[in-house]
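Remarks on the structure that follows.
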Amino acid sequence: MEFFTVSGLRSLKNDTDVRLSGWIQDVRVTKNLVFLIFRDYTGLAQLTVKRDGWAGIDVTSISRESAVSVQGKYLVKGMSKLGVEILLSGISVLNAAGTPLPLAISDPVISDVETRLDHRSLDLRKREVSRIFRAKSTLLWGIRKFLRENGFEEVQTPKIVAASTEGGADLFNVKYFEKEAYLSQSPQLYKEMLVSSGINRVFEVGPAFRAEKHNTVRHINEFTSIDIEMAFSDHEDAMRMLEGSVSGAIDEVMNEMGDELREIGLKIPSAKAPFPRITYREALDYLHKKGDAPPFGEDFTPEQLRSLGEKFDGFYFITKWPSALRPFYTMPDPEDPSVTNSFDLQFQEKEITSGAQRVHDPEMLLERFKSKGLDSKDFSFYLESFMYGMPPHAGWAIGLERLCMIILNLSNIREATLFPRDRNRLVP
RNA sequence: GCCCCGAUAGUGUAGCGGCCUAUCAUACGGGCCUGUCGAGCCCGUGACAUGGGUUCAAAUCCCGUUCGGGGCGCCA
């Protein structure tokens, strides 16, 4: 007898003997019949038990969410509204679930996000929740595929580091034997060093840690950063790779899960390259006309970004940011040194990526350290790679959870994170 | 870090000075009915975040703490 999944049953002939493993979601008892609602990772099926025809265990005593292995005959013309019905011939409870459940799984009540995160492994049994992570995995796969096709090599760099990337953001301290160390906030310095080493195009998918005490629906303290860096390239090249990555991710999700996402009424944003672009100065002008703009050199407020987001429905770039708003390694625009060869990818009011052409000239880099008030001595390991023929280069970093949240239209980044780490949450 | 709001059974909520030995739904336990399908009906178990204070009387008002929601700031 073969093992099947629920979704694999539909092509079978009537009365085929099947075995499945999964969970009992619900038990409904009638006079002569018991119906068990069975669930595996692929869907739901109704297991029908004839009371007098089968002397198995008392199925009415099985608690909801118990793990089971079942066998029976697949009924092509099942009467269940679930669409899949199996006439049960055997069941073994592999592990009974305790009662009551700490979380509503198939009940009409909707638990709070906090409650769900406290009991995340149970929460993930819900299809609408696990679907998020299938989509996230698929998005990432689409990006990996695109980057590989474009000559990028995947790398791993250390997450325990000695220096801050730019001395700005708060870092988590760790004890490193006798020394003081930090959790990496970004692989920025390392991916640039790799570019100098002749690995032409690199990307990394890894955790980034930020010790900022923010408490918003779009920030977490540990997130997945997808970083690229490419040699002999400028910000325009990097932006093309970003457009390709985002549309590659969306294409992959639509191919793999399009039907399912349409079924639940989710409209996935389209990502047709090239994305619209607006410079920082143009954005300022636009906002001036709207009556609320920041002075040159300051970042947009959420309100102002919302206003820009109304102008561009979907993905768009804000380019040429002022130097003051960008880290030391960002290349100034040779034609207008008050701004930089930099860009943010936005989706409406939400920022998902920032990137730029980087400084490759060591003299300029030293100047930039100075103007940002950083001590170049802290970065000597990094500076060395600029001394022996560092190629011009560019790159970006995209937050995977942010991207997932935006594409699936989630209201809280924690929903796109299996086990989020935020200001207060360290468990589970 | 700041401002506003909130925390009541396993889950989600109503109540907002004495009508509270606290409402309802759902879950859980028991019973009845029944090819059920958000099954139905009846019964039962089960809760006022925490520490102070005000008051004859506090779930309810005040202050602190913790946690949460919304906004802002901070933020590659």
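Note that this is a predicted model, so its numbers are computed, not measured. Naming: A, B, ... by sequence-line order, numbering from 1 per chain.
Listed candidates were B:U11, B:A27, B:C72. Nearest to the side chain of A:T216 is B:C72. If you check B:C75, B:U26, B:U36 against the side chain of A:P108, the one that comes closest is B:U26. Closest to the side chain of A:D26, out of B:U34, B:U11, B:A39, is B:A39. When distances are taken from the side chain of A:D107 to each of B:G69, B:G12, B:U26, the shortest belongs to B:U26. Across B:A27, B:G35, B:G38, the shortest atom-to-atom separation from the side chain of A:P100 is found for B:A27. Picking from B:C28, B:G68, B:U36 the nucleotide with the shortest atom distance to the side chain of A:F35 gives B:U36. Closest to the A:R218 side chain, of the nucleotides B:G35, B:C72, B:A27, is B:C72.
Across the protein-nucleic acid pair, A:K81 atom NZ and B:U36 atom C1' stand 9 Å apart, rounded to whole Å. We find that CG of A:L82 is positioned 12 Å from P of B:C37, with the value rounded to whole Å. Note: CD (A:Q46) to C1' (B:G38) measures 14 Å, nearest angstrom. Distance NE2 (A:H219) to C1' (B:C72): 12 Å, rounded to an integer number of Å. Between A:N221 atom CG and B:C75 atom P there is a gap of 15 Å when expressed in whole angstrom units. Rounded to an integer number of Å, the gap from A:D422 CG to B:C67 P is 10 Å. As rounded to whole Å, 13 Å separates atom C1' of B:C37 from atom CG of A:L47. Across the protein-nucleic acid pair, A:D112 atom CG and B:G70 atom P stand 11 Å apart, rounded to whole Å.
The residues A:E114 and A:R425 are annotated as salt-bridged, a charged nitrogen and a carboxylate oxygen being separated by less than 4.0 angstrom. For A:E401 and A:R218, the salt-bridge test fails: no basic side-chain N is under 4.0 Å from an acidic carboxylate O. Between A:R64 and A:D107, at least one side-chain nitrogen of the basic residue sits less than 4.0 Å from a carboxylate oxygen of the acidic one, meeting the salt-bridge criterion. Using a 4.0 Å cut-off between a side-chain N of Lys or Arg and a carboxylate O of Asp or Glu, A:R148 and A:E154 do not qualify as a salt bridge. Between A:K73 and A:E85, no side-chain nitrogen of the basic residue sits less than 4.0 Å from a carboxylate oxygen of the acidic one, so the salt-bridge criterion is not met. Comment: A:R201 does not engage A:E229 in a salt bridge, judged by the lack of any side-chain N to carboxylate O separation of less than 4.0 angstrom.
Searching all strands for a Watson-Crick or G-U wobble partner of B:C61 with both distances below 3.5 Å returns B:G53. For B:C28, the paired nucleotide is B:G44, the pair qualifying as Watson-Crick or G-U wobble because both relevant distances are below 3.5 Å. The partner of B:G17, taking Watson-Crick or G-U wobble pairs whose two distances both stay under 3.5 Å, does not exist in any strand shown. As the counterpart of B:U66, B:A7 is assigned, both hydrogen-bonding distances of the Watson-Crick or G-U wobble pattern falling under 3.5 Å.
When heavy atoms are screened at a 4.0 angstrom cut-off, A:S80 is found touching base atoms of the nucleic acid. Using a 4.0 Å heavy-atom distance criterion, A:P102 is classed as a sugar-phosphate-only contact. Nucleic acid contact for A:S111: sugar-phosphate only, since backbone atoms but no base atoms lie under 4.0 Å from a heavy atom of the residue. Nucleic acid contact for A:R64: sugar-phosphate only, since backbone atoms but no base atoms lie under 4.0 Å from a heavy atom of the residue. Contacts of A:E85 with the nucleic acid, taken as non-hydrogen atoms under 4.0 Å apart, include base atoms. Nucleic acid contact for A:V217: sugar-phosphate only, since backbone atoms but no base atoms lie under 4.0 Å from a heavy atom of the residue.
For RNA chain B, the residues of residues 298-309 of chain A within the heavy-atom distance limit of 4.0 Å (strictly under) are A:T301, A:P302, A:R306, sorted by number.
Judged as a side chain to side chain contact (heavy atoms under 4.5 Å, CB included), and not counting sequence neighbours, the contacts of A:R281 are A:T279, A:F296, A:D336, A:S338, A:V339. Among residues two or more places apart in sequence or in another chain, the side chain to side chain contact (heavy atoms under 4.5 Å, CB included) test is passed with A:P158 by A:Y190.
Rounded to a whole angstrom, the distance from the P atom of B:G68 to that of B:A27 is 29 Å. With P as the reference atom, B:U50 and B:C56 are 25 Å apart, rounded to whole Å. Here the separation of B:U21 from B:C37, taken at their C1' atoms, is 40 Å to the nearest Å. To the nearest whole angstrom, the two P atoms, one in B:C16 and one in B:A7, are 13 Å apart. When the P atom is used for both B:A57 and B:G18, the distance is 14 Å, rounded to whole Å. Using atom P as the reference point in both B:U60 and B:C2, the two lie 26 Å apart (nearest Å). Going from the P atom of B:A9 to that of B:A47 covers 9 Å, rounded to whole Å. Rounded to whole Å, the separation between the C1' atoms of B:C20 and B:U8 comes to 12 Å.
Nearest-nucleotide mapping onto RNA chain B: of A:R423 and A:I110, the residue sitting toward the 5' end is A:R423.
Using cut-offs of 30° and 60° on the angle between ring planes, the pair A:F152 and A:F203 is perpendicular. Under the 30°/60° scheme for interplanar angles, the aromatic rings of A:Y382 and A:F379 are found to stand perpendicular.
Taking 4.0 angstrom as the limit, A:T48 places none of its side-chain polar atoms (N or O) nearer than this to OP1 or OP2 of B:G35.
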